[in-house]
Structures are given as C-alpha cells and as structure tokens.
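Side chains are part of it too, since the values below use all heavy atoms of this structure and drop only hydrogens, waters and symmetry mates. We number each residue from 1, following the sequence as shown.
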Amino acid sequence: MPARHAPHPYPHLSPEDVAALRENLHEQRLFRQEQLSQIASAVPCRTDDLLRQGAAGQVEVHVKLAASARMVLTDVVAALERMDQGRYGACHLCRRPIDRERLLIVPQARYCARCQQVREAGR
C-alpha cells in the first residue's frame, strides 16, 4: 500500500504566502511587545500622582492603549500557534478557509469575513 501524505495544511495558501504571513505575524508580535514595554515605562508606578495632577485622561489613554496592544498580541500569538499546529487559515466558526486576501490584511484573523460580520452584528 503506498504511503499517504498528509494534506497541505493551508490548501488555499501558497508556501510563499504562509512564509510571508508568518513573518508578518512575528513582526507584529515584536511591535506589540515593544509597544507594551514603552507604555509600561511611560506610566509611572504611582498613577495616584498623575491623578492628583489632573492627568486622569492621560492615564486612561495609556490603559486603553495597553489593553488594545495586549489583545492584538494575544491574537497574533494564537495565530502563530495555529500555524505551528497546521490549523491556520480556517474559520473558527464555519471551518471554511479564510480568504487569502483577508489573511494578507489581517493575518491573525480567526474568522472568515462572513462569520466576522455575524459576530459583530451580534454585539
């Protein structure tokens, strides 16, 4: 009986696409890690001092920026893990392939465009 080869884990993506997407995700991970480091160093350990100085808005902006950066970093790391496991590029809801064009724009995407719209409409 001939040996069976495992199916290509990303049938709708070329090896070049996968390599470029992986590189993009690695760059995004580094960027978000640096961003979080800069935000952490910009906010003094004692936010009470800033609040007393009337800089509450500045603290809020830093908190929101950090939360957003952490969220994107989590998505990027999860996408890299999916790549390593051969599950990258499949929608988490419908399991269909996520369009190549969508992945090139949002390489950490978990959902195809249709399922993403349904999720956002449900919010």
Side-chain angles (χ1 to χ4, degrees):
M1 180 182 259
R4 290 178 55 193
H5 295 283
H8 189 281
Y10 326 103
H12 61 298
L13 300 172
S14 71
E16 293 80 15
D17 288 338
V18 175
L21 289 163
R22 184 181 296 275
E23 180 64 27
N24 184 312
L25 288 165
H26 281 295
E27 288 173 10
Q28 282 194 57
R29 183 178 59 188
L30 286 174
F31 173 78
R32 296 302 176 178
Q33 289 169 334
E34 290 172 15
Q35 184 182 32
L36 284 167
S37 177
Q38 289 172 358
I39 291 169
S41 66
V43 176
C45 294
R46 306 244 342 136
T47 55
D48 294 345
D49 294 339
L50 276 178
L51 291 173
R52 267 189 249 112
Q53 296 169 9
Q58 196 175 13
V59 171
E60 183 178 352
V61 167
H62 280 92
V63 168
K64 287 183 178 183
L65 279 173
S68 176
R70 275 191 298 277
M71 189 172 66
V72 173
L73 179 58
T74 299
D75 288 347
V76 166
V77 169
L80 286 166
E81 289 172 0
R82 289 192 303 276
M83 265 189 179
D84 292 343
Q85 297 164 356
R87 298 182 300 112
Y88 181 79
C91 177
H92 280 215
L93 290 178
C94 70
R95 303 289 182 223
R96 290 188 193 110
I98 299 171
D99 288 337
R100 176 183 178 274
E101 293 75 23
R102 177 166 168 72
L103 289 172
L104 292 174
I105 295 167
V106 185
Q108 69 270 24
R110 294 175 188 260
Y111 307 103
C112 67
R114 188 177 60 86
C115 289
Q116 182 69 41
Q117 288 175 340
V118 169
R119 284 182 47 82
E120 288 175 3
R123 287 185 186 171

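- The cluster map of Ile, Leu, Val, Met, Phe, Trp and Tyr, joined by side-chain heavy atoms under 4.5 Å apart, puts Leu80 and Val72 in the same cluster.
- One distance of note links CG of Leu73 with CG of Leu30; it measures 10.0 Å at 0.5 Å rounding.
- In this structure, a donor-acceptor pair under 3.5 Å is absent between the side chains of Gln38 and Glu34.
- Looking at Phe31 and Val76, their side chains never come closer than 4.5 Å, going by heavy atoms from C-beta outward.
- Judged by distance alone, with hydrogens and angles left aside, the side-chain atoms of Thr74 form a donor-acceptor pair with the main-chain N or O of Arg70 at under 3.5 Å.
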Review point. Under the side chain to side chain contact (heavy atoms under 4.5 Å, CB included) criterion, do Tyr88 and Val18 qualify, and how do the steps go?
Key: CA-CA 9 Å; Tyr88 181 79; Val18 175; 5.8 Å; no
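- With respect to Leu93, the side chain to side chain contact (heavy atoms under 4.5 Å, CB included) criterion is satisfied by exactly one of Arg110, Arg114, Arg119: Arg119.
- Considering CG of Leu13 and CE of Met83, their distance stands at 7.5 Å, rounded to 0.5 Å.
- In terms of heavy-atom proximity, Arg82 sits nearest to Ala109 at NH2-O, 3.4 Å.
- Shown here are the ring pair (Phe, Tyr, Trp, His ring centres under 6.0 Å) partners of His92, two or more places apart in sequence or in another chain: Tyr111.
- To the nearest 0.5 angstrom, Ile39 atom CD1 is 13.5 Å from Lys64 atom NZ.
- Heavy-atom minimum distance, Cys91 versus Cys112: SG-N, 3.4 Å.
- Here the CZ atom belonging to Arg22 is positioned 5.5 Å from the NE2 atom belonging to His26, to the nearest 0.5 angstrom.
- Sorted by first and then second residue, the salt bridge (charged side-chain N to carboxylate O under 4.0 Å, His left out) pairs involving residues 90-105 (not counting sequence neighbours) are Asp17-Arg100.
- Distance check, rounded to the nearest 0.5 Å: CD1 of Ile98 to CG of Leu103 gives 5.0 Å.
- Atom CZ of Arg29 is separated from atom CG of Asn24 by 12.0 Å, given to the nearest 0.5 angstrom.
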